[in-house]
Amino acid sequence: MRRKKKSVLPRWGFLAVLLVVLAGSTIGYVQFRDNRADPAAKPSAAAQTPAPSAAASASPVPTPKPIPAETVDVAIIGSELEGMYLARAAADEGLSVKVIDPRAKAGGQLLQGEMLFLDETRDGSGKLLVQGRAKELFDGFRAGKIRKLSEFQTYYAKLVNGIPMESGITIQEVAAAPGIQGTEAVQSVTYKTADGTEKKLTASYWVENSDFAALASRLAVTRLPGLEKFYGQEQIEYMSAGMMMKFKNVDWARFQAAYKESVNESFAIGLTGVTRGYKPTNDSVFLRGLNAVSQRDGEVIINAFLLYQVDPSDDASIAAAKELGQKEIPLILQYFKKNMTGWENAELNGFPDYLYIREYNHYETDYVLKVSDVLGARMFPDNVSIAGYPLDLQGLKANKWGIEMGRPDKYGMPLRSFQLKNYENVLMAGKNVGTTAIAYGSARIQPNTSLAAESIGVILGQIHGKKKLRELTEADWSTLHPYLESKYAIKVTGVTGTNKIAGWTAEEIAKLDTGEIVYPSYVKTRKP
């Protein structure tokens, strides 16, 4: 047996060889990973060439460019009409305001969705409840002066005139810090513009005014139960979205003459005897009764086409719904041409760029408005709106026609229903108002939340530099409410409505609020 020769390498030489072997193992690992990613790939240059020393490869770390920053008093996220009333009022009160909009174009439901059939709010006696700046819009609509898209665009442009707005932004980061009374306060939002530029916005107050809670959904919020609970569904589902149907070459005079009970010189309501005969080609769409308005010159726009299971926070969901609508609406036109007098020569007048989004998640606010508040004509010490409208729950796929849950007289909407729970300085505008899913059927209508937004904008201006919204006292409201009335003709206090649940028991009221009692049918059999 041969004896092994002793190593001739000195000890330092052995260590050098060991280091080379270890270095070779490391390079081999990197090369192995590269080859797994692409078996046909040749070893990278880094794998073939020994790495330079740390000293040789060191280079100065470039100083990052500072992000352009801006500070305002009020920042609005989204450009829906309702929040623009807050923006306008705050600006008129001397505050600095900026709008950053996640949607590609401004105007939301009104301009991009072309939801140009306006629902007025009236009390039980038919008295108009629309107040504030929205009154000009609704008066013009009723009188036939604001009917075409261009006329709505002119109104909107005047409303936002002078207020900086960036569309097509994407929120990247939200920074918050401890606020007053155990709340948090949003300090800044970092976002990217449509061209990819990163910016930072700091504000004293933030207003959630998008149709998919672009800001609020990033915060520590509590989602309130939606209509899925009312209908006994497990999957979250929102009220159906709408796609406005646009037509031209309609003979409105003949249409009116043929359906006198449902059609006047401007509007066509219902006609379900006709619409029920239409059979959709897809289970995700539906034609309900008409809300149609003559836009003059033979042009007509209709709110009646429903799309189910649309998620406004999902671009793919919106795109798919739009595609369904663009396929179905031409078929509806053919049905109208054959079945409605005055529509024989009607043609399509294009499609809107966006959908009419009725609902998204409801998040908890300081006070969540309930059905009993609505039907009970409740008024609040911190009223910012006087509201009214039937509890109109538009259809879901599980109940395509929807349901009406009662008709209130009028009721108050408190500031607290627009203050996001646990946040000192986040306000919820328009569709984001804090209500139960059933109370939302009434509260959601534009004049209700538009008036609230305008009132809040004025109040922010009045308390600026003095105190925060959460610090308002009864004494403050005794000054703020008269100011709203004297300066802006907004009356939200000293108003009473008819309580339609007077004398009800606590158990009945609890069941009303959860939807176990459907008011229209229950009151017919209820014994006092």
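At a threshold of 4.0 Å, the pair Asp409-Lys127 does not count as salt-bridged, since none of the basic side-chain nitrogens sits closer than that to a carboxylate oxygen. Taking the charged nitrogens against the carboxylate oxygens, Asp366 and Arg416 have no contact shorter than 4.0 Å, which rules out a salt bridge. Using a 4.0 Å cut-off between charged nitrogen and carboxylate oxygen, Arg88 and Glu136 do not count as a salt-bridge pair. Using a 4.0 Å cut-off between a side-chain N of Lys or Arg and a carboxylate O of Asp or Glu, Lys148 and Glu299 qualify as a salt bridge.
Here Arg122 contributes atom CZ and Leu128 contributes atom CG; the two are 5.0 Å apart, rounded to the nearest 0.5 Å. Residue Met428 holds its CE atom at 13.0 Å from CD of Glu82, rounded to the nearest 0.5 Å. Atom CG of residue Asp73 and atom CG of residue Leu95 lie 4.5 Å apart, to the nearest 0.5 angstrom. Considering CG of Leu129 and OG1 of Thr121, their distance stands at 5.0 Å, rounded to 0.5 Å. The CZ atom of Arg444 sits 9.5 Å away from the NZ atom of Lys431 when rounded to the nearest 0.5 Å. Rounding to the nearest 0.5 Å places CE of Met405 at 13.0 Å from OH of Tyr522.
Listed for the Asn448 side chain is a donor-acceptor partner under 3.5 Å among the backbone atoms of Gly388. Checking side-chain atoms of Ser240 against main-chain N and O of Tyr308 turns up no donor-acceptor pair under 3.5 Å. Lys500 places a side-chain N or O within 3.5 Å of a backbone atom of Arg407 that can act as its donor or acceptor partner. For Tyr356 (side chain) and Leu116 (main-chain N/O), no donor-acceptor pair under 3.5 Å exists by modelled atom type. Put simply, the side chain of Lys370 never gets that close to the backbone of Leu512: no donor and acceptor are under 3.5 Å apart. Within the 3.5 Å criterion, the main-chain N or O of Gly226 finds a donor-acceptor partner in the side chain of Glu228. Checked by atom type and distance alone, the side chain of Glu347 never pairs as donor or acceptor with a backbone atom of Lys248 at under 3.5 Å. The backbone N or O of Gln109 lies less than 3.5 Å from a partner atom in the side chain of Glu80, making a donor-acceptor pair. A donor-acceptor pair under 3.5 Å links the side-chain atoms of Ser521 to the main chain of Val518, judged by distance alone. Judged by distance alone, the side chain of Glu359 and the main-chain N or O of Met239 form a donor-acceptor pair under 3.5 Å.
If you run side-chain contact (heavy atoms from CB on, under 4.5 Å) between Phe305 and each of Val285, Thr275, Leu290, Leu324, only Val285 comes through. Screening Lys246, Lys322, Gln112 for a side-chain contact (heavy atoms from CB on, under 4.5 Å) involving Pro352 leaves a single residue, Lys246.
In this structure, the ring of Phe247 has its center less than 6.0 angstrom from the ring center of Trp343.
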Between Phe152 and Ile146, is a side chain to side chain contact (heavy atoms under 4.5 Å, CB included) present by the stated rule, with each step listed? CA-CA 6 Å; Phe152 282 91; Ile146 304 178; 3.9 Å; yes
Under the side chain to side chain contact (heavy atoms under 4.5 Å, CB included) rule, what do Val274 and Tyr335 come out as? Steps first, then yes or no, please. CA-CA 9 Å; Val274 176; Tyr335 178 80; 4.0 Å; yes
So Leu81 and Gln446, side chain to side chain contact (heavy atoms under 4.5 Å, CB included) or not? Walk me through it. CA-CA 8 Å; Leu81 176 65; Gln446 275 182 341; 4.1 Å; yes
Decide side chain to side chain contact (heavy atoms under 4.5 Å, CB included) for Phe230 and Leu393; before the verdict, give the C-alpha distance in whole Å, the side-chain angles of both, and the deciding distance to 0.1 Å. CA-CA 11 Å; Phe230 174 61; Leu393 305 185; 4.1 Å; yes
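A 6.0 Å sphere centred on NZ of Lys145 holds no more than 12 heavy atoms belonging to other residues, nucleotides or ligands. In this structure, Lys229 places its NZ atom where only 12 or fewer heavy-atom neighbours from other residues, nucleotides or ligands lie under 6.0 Å away. For NZ of Lys337, the number of neighbouring non-hydrogen atoms (other residues, nucleotides, ligands) closer than 6.0 Å is greater than 12.
Within the 4.5 Å cutoff, side-chain heavy atoms of Met243 are placed close to those of Gln326. Trp477 is not listed as a side-chain neighbour of Thr493, based on a closest heavy-atom distance of 4.5 Å or more. At least one side-chain heavy atom of Leu149 sits less than 4.5 Å from a side-chain heavy atom of Leu111. Within the 4.5 Å cutoff, the side chain of Leu396 has heavy atoms near those of the Gln233 side chain. Contact check for Leu369 versus Tyr411: side-chain heavy atoms found under the 4.5 Å cut-off. Looking at heavy atoms from C-beta onward, Ile171 lies out of side-chain contact with Pro102 at the 4.5 angstrom threshold. In this structure, Thr449 and Met413 have side chains that are in contact, with non-hydrogen atoms separated by less than 4.5 Å. Counting heavy atoms from C-beta outward, Phe418 and Asp382 have side chains that stay 4.5 Å or more apart.
Across Tyr363 and Ala213, no two heavy atoms sit closer than the pair CE1-CB, 3.6 Å. When all heavy atoms of Gly78 and Val99 are compared, the closest pair comes out as O-CG1, 3.5 Å. When all heavy atoms of Gly412 and Asn383 are compared, the closest pair comes out as CA-OD1, 3.5 Å. When every heavy atom of Ser455 is checked against every heavy atom of Leu484, the shortest pair comes out as CA-CD2, 4.0 Å. In this structure, Asp311 and Ser317 approach most closely via the heavy-atom pair N-OG, 2.9 Å. Residues Ala106 and Tyr156 approach most closely at CB-OH, 4.2 Å, considering heavy atoms.
Between the side chains of Tyr360 and Ser217, no donor N or O sits under 3.5 Å from an acceptor N or O. Looking at Ser266 and Arg147, their side chains do bring a donor and an acceptor atom within 3.5 Å of each other. Between the side chains of Asp92 and Tyr488, not a single donor N or O lies within less than 3.5 Å of an accepting N or O. Glu166 and Tyr191 share a donor-acceptor pair across their side chains, judged by distance under 3.5 Å alone. Tyr367 and Asp373 form a side-chain donor-acceptor contact under 3.5 Å, judged by distance and modelled atom types alone. Between the side chains of Gln462 and Glu93, at least one donor N or O sits under 3.5 Å from an acceptor N or O. Between the side chains of Gln394 and Asp392, at least one donor N or O sits under 3.5 Å from an acceptor N or O. For the residue pair Glu328 and Tyr278, a side-chain donor N or O sits within less than 3.5 Å of a side-chain acceptor on the partner.
Using cut-offs of 30° and 60° for the angle between ring planes, the Phe267 and Phe141 rings count as tilted.
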